[in-house]
Amino acid sequence: VQLQASGGGLVQAGDSLRLSCTVSGRILSLLNIGWFRQAPGKEREFVAAISRTGSTMKYADSVKGRFTISRDTAKNTVYLQMNSLKFEDTAVYYCAASTIVEVTTAAVRYRNWGQGTLVTVSS
């Protein structure tokens, strides 16, 4: 399974950005997909995840109400719509794939990772 994250960039606080995670090598209906982020000097943290059925989504408390995870099975792509961006959202964002049954927020349960895309929010 290969994952390609894209869509990062430099935006101002309050702006929106949509990240994409294109998956190859396995169809989305077999994978739970998660988004994680890592800010400079900090540990990688969970952001959002969507189940293989697309029926279950989980979000970190820090992004609830601002970020939305979704997917397009025809394009085998998962999106992270980020609205009302804050300076503290600045990080490298990674998408990752998990084959375990339940949707998890634990990074160690995700086997395959994309290369990351940088999101910089200026205050």
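Formation of a donor-acceptor pair under 3.5 Å by the N83 side chain with backbone atoms of F67 is not found in this model. Looking at R71, its side chain does come within 3.5 Å of a backbone N or O of R52 through a donor-acceptor pair. No side-chain donor-acceptor contact under 3.5 Å links T104 to the backbone of R109. A donor-acceptor pair is defined here as one N or O able to donate and one able to accept, closer than 3.5 Å; no such pair exists between the side chain of Q12 and the backbone of S123. The closest donor-acceptor contact from the side chain of N76 to the backbone of L28 lies under 3.5 Å. Distance alone, capped at 3.5 Å, places no donor-acceptor pair between the Y59 side chain and the A49 backbone. Between the side chain of N112 and the backbone N or O of L3, no donor-acceptor pair lies under 3.5 Å.
Aromatic rings from Y110 and F36 are positioned such that their centres are separated by under 6.0 Å.
Proximity of R37 to F46: side-chain heavy atoms (C-beta onward) are nowhere separated by under 4.5 Å. Side-chain atoms of M82 and D89, non-hydrogen and from C-beta on, never get closer than 4.5 Å to each other. Looking at heavy atoms from C-beta onward, N32 lies out of side-chain contact with I50 at the 4.5 angstrom threshold. Within the 4.5 Å cutoff, the side chain of V23 has heavy atoms near those of the L31 side chain. Residues S16 and Q81 meet the side-chain proximity criterion, which asks for heavy atoms closer than 4.5 Å.
Taking the ring centre of Y94 as origin, the terminal cationic atom of R44 falls inside the region bounded by 6.0 Å and 45° from the ring axis.
By the criterion of side-chain heavy atoms lying less than 4.5 angstrom apart, applied directly or through intervening Ile, Leu, Val, Met, Phe, Trp or Tyr residues, V92 is not grouped with V47; the two fall into different hydrophobic clusters. In terms of hydrophobic clustering, with Ile, Leu, Val, Met, Phe, Trp and Tyr side chains grouped at heavy-atom distances under 4.5 Å, I69 and W113 are assigned to different clusters.
For the atom pair CD1 (I33) and OG (S70), the distance works out to 12.5 Å, reported to the nearest 0.5 Å. Within the model, atoms CG of L118 and OH of Y93 stand 10.0 Å from one another, a figure rounded to the nearest 0.5 Å. Between Q2 atom CD and T22 atom OG1 the span is 12.0 Å, to the nearest 0.5 Å.
The two residues L80 and A48 make their nearest non-hydrogen contact at CD1-CB, 4.0 Å. Between F87 and V121, the shortest heavy-atom distance links the atoms CD1-O, 3.2 Å. Listed here is the closest heavy atom pair of V119 and G8: CG2-CA, 4.1 Å.
With hydrogens and angles left out, the side-chain atoms of D72 and T77 include no donor and acceptor closer than 3.5 Å. At a cut-off of 3.5 Å, with distance as the only test, no side-chain donor of R18 or Y79 sits close to an acceptor on the other residue.
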Quiz prompt | T68/M57 under side chain to side chain contact (heavy atoms under 4.5 Å, CB included): CA gap, chis, key distance, verdict | solution = CA-CA 9 Å; T68 302; M57 282 75 79; over 6 Å; no
Self-check item: Test side chain to side chain contact (heavy atoms under 4.5 Å, CB included) applied to T120 and S122, step by step
Solution: CA-CA 6 Å; T120 304; S122 61; 5.8 Å; no
Quiz prompt | Residues K58, T105; criterion side chain to side chain contact (heavy atoms under 4.5 Å, CB included); working and verdict | solution = CA-CA 8 Å; K58 290 187 176 182; T105 63; 4.1 Å; yes
Self-check item: Trace of the side chain to side chain contact (heavy atoms under 4.5 Å, CB included) decision for T73 with I27
Solution: CA-CA 8 Å; T73 55; I27 58 176; over 6 Å; no
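Looking at residues two or more places apart in sequence or on another chain, you find a side-chain hydrogen bond (donor to acceptor under 3.5 Å, both in side chains) between T53 and S51, S55.
V101 belongs to no multi-residue hydrophobic cluster, having no ILVMFWY side-chain contact under 4.5 Å with any other such residue.
Enclosure of atom CD in E43 is not indicated, since only 12 or fewer non-hydrogen atoms of other residues, nucleotides or ligands lie within 6.0 angstrom.
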